Protein chains: 2
Amino acid sequence: MNDVICTVDTVLLTLGDDGLSVALLKREREPYKGVAALPGGYIHPDEDRHGFDAALRVLKSKTGIDAPYLEQLAAFSGAARDPRGWSLSLAYYALVPHAVIAAAGHPGVKLASVDRLPPLPFDHATIIAAALERLRSKSQYSSLPCFLVGELFTLPQLQRVYEALMGEGLNKVSFRRKMAELDMLEAAEGQMDASSPSRPAQLYRLRPQFRDRLALLKRGL
Amino acid sequence: MNDVICTVDTVLLTLGDDGLSVALLKREREPYKGVAALPGGYIHPDEDRHGFDAALRVLKSKTGIDAPYLEQLAAFSGAARDPRGWSLSLAYYALVPHAVIAAAGHPGVKLASVDRLPPLPFDHATIIAAALERLRSKSQYSSLPCFLVGELFTLPQLQRVYEALMGEGLNKVSFRRKMAELDMLEAAEGQMDASSPSRPAQLYRLRPQFRDRLALLKRGL
DNA sequence: ATAATAGTGTCTATTAGACACTATTAA
DNA sequence: TTAATAGTGTCTAATAGACACTATTAT
């Protein structure tokens, strides 16, 4: 009908020791064989019910990660982006806690700090830039950053995540007011200690209704 | 390679006498021949440099409209949305002043109020709903609504457009403070009168640098 | 002058941030 | 006890909205 190469690419983001990082994999085939690239693959019309399914399948098969926060980013298309011909990539982005990547432990998956990306094939650098912009923008007014922390977390931890994403310090009182306004957290009865030579902080978890959708603020941040 | 049907669909929006409206066209071919649908068509890999180009071409050929505000909305894909098979539609949305549609004057183009849409083929109702959500959301913190008015407009007119999109009245003083903060308007030297049996309002136009990109508010409207 | 809407000055209410103070743990 | 960080009360600053007043036109 019309010979468009249809693929999905996924920007899998996590927050590790050297900040926000993307999962990259060495390509197994030409073009760009051996070059680190976003986990991606062809859409399988006989297997994937829709694009979202395809992104889930690709993530699972290439990184071992199962049910992350996953959202369509945009479609990237054109004659110039792939040497094989006119192509269209459905780009998705996913957020996972750092521990989840370690636990999945797929061999080829390497994390690269978004501030020190290697040269990337196709328009993958553009796709990552778009994902970062989306993540940072949505972090201003939603619970999106919660998907970068584990199931249990403290408010100071969460605030540090927001601060890392938005690149600026946040007022503690305002931050807590906003989290209360979002009304998405519930206190766990345990307490934090481990790392702290100081007062332990209350642990929280996401309330069930916000584990697969976002809580939104009226007036940002 | 993989047999995915690749199309573009465009949600062309305008603000007319009965509120926000979408341009619909009767389909010339099966499936759904004769049914009103979004202007759309196949991607032409030999002709379109990328998806955006395809959307421009489709809009021009089906509605006669030339250089509207045009932005990618999302990709809609899957096995179930088109009886012909697994398909992927790149959806774009466009904003134009009402007068532009009249001036283009393509025969088959009908405007339907978004509150009274006819039954639509494929997932076009979903696509329109997504476009409206995007438009309303971006209107909260950007100059997007300016693309629904003509080249010259008054602040009261612009405020009415914002109010129509957001479905609520806005404070006049705050609205004007925000427009000043956006710093995107320049006064035209003429004055408005025509319709008014009262004081004429100052005419404004978009400053050149905002004619093809958005001005953004820090803290929403 | 009157009616009608444009445009502004200013007061009040709401929201965000600064800052300090109390709380709770480990050593 | 001290050091360190969690958590909160409260004052101040910034922003948004209410409201009324002046401005400019047609009749």
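Since we're looking at a predicted model, the values are computed, not measured. Quick note on labels: first sequence line is chain A, next is B, and so on, each numbered from 1.
- Straight-line distance from the CG atom of A:Leu170 to the P atom of C:dA16: 13 Å, rounded to whole Å.
- Between the CZ atom of A:Arg176 and the P atom of D:dG7 there is a distance of 5 Å, given to the nearest Å.
- Remark: P of C:dA16 and NZ of B:Lys218 are 15 Å apart, rounded to the nearest angstrom.
- More than 12 non-hydrogen atoms from other residues, nucleotides or ligands lie less than 6.0 angstrom from CZ of B:Arg207.
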Show me the side-chain donor-acceptor pairs of residues 89-97 of chain B shorter than 3.5 Å, one per line, residues at least two apart or across chains.
residue: B:Ser89; atom: OG; partner: B:Asp9; partner atom: OD2; Å: 2.8
residue: B:Tyr92; atom: OH; partner: B:Phe52; partner atom: N; Å: 3.0
residue: B:Tyr93; atom: OH; partner: B:Glu71; partner atom: OE1; Å: 3.1
residue: B:Tyr93; atom: OH; partner: B:Glu71; partner atom: OE2; Å: 3.4

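- Going from atom CG of B:Leu203 over to atom P of C:dA6 covers 12 Å, rounded to whole Å.
- Separating the CE atom of A:Met179 from the P atom of D:dA6 is a distance of 16 Å, rounded to the nearest angstrom.
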Derivation and outcome, side-chain contact (heavy atoms from CB on, under 4.5 Å), residues A:Leu170 and A:Gln159:
CA-CA 8 Å; A:Leu170 297 175; A:Gln159 180 168 352; 3.8 Å; yes
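- A salt bridge is absent between B:Glu163 and B:Arg160; no separation between the charged side-chain nitrogens and carboxylate oxygens falls under 4.0 Å.
- Ring-centre distance between A:Tyr204 and A:Phe153: not below the 6.0 Å cut-off.
- Whole-Å rounding puts the A:Leu155 CG to C:dT24 P distance at 17 Å.
- Within 6.0 Å of the CD atom in B:Glu186, the count of heavy atoms belonging to other residues, nucleotides or ligands exceeds 12.
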Where protein sits on nucleotides 14-23 of chain D, one letter per nucleotide: B base, S sugar-phosphate only, - none, heavy atoms under 4.0 Å
-SBBBB---B
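- Distance B:Gln157 CD to C:dT5 P: 14 Å, rounded to the nearest Å.
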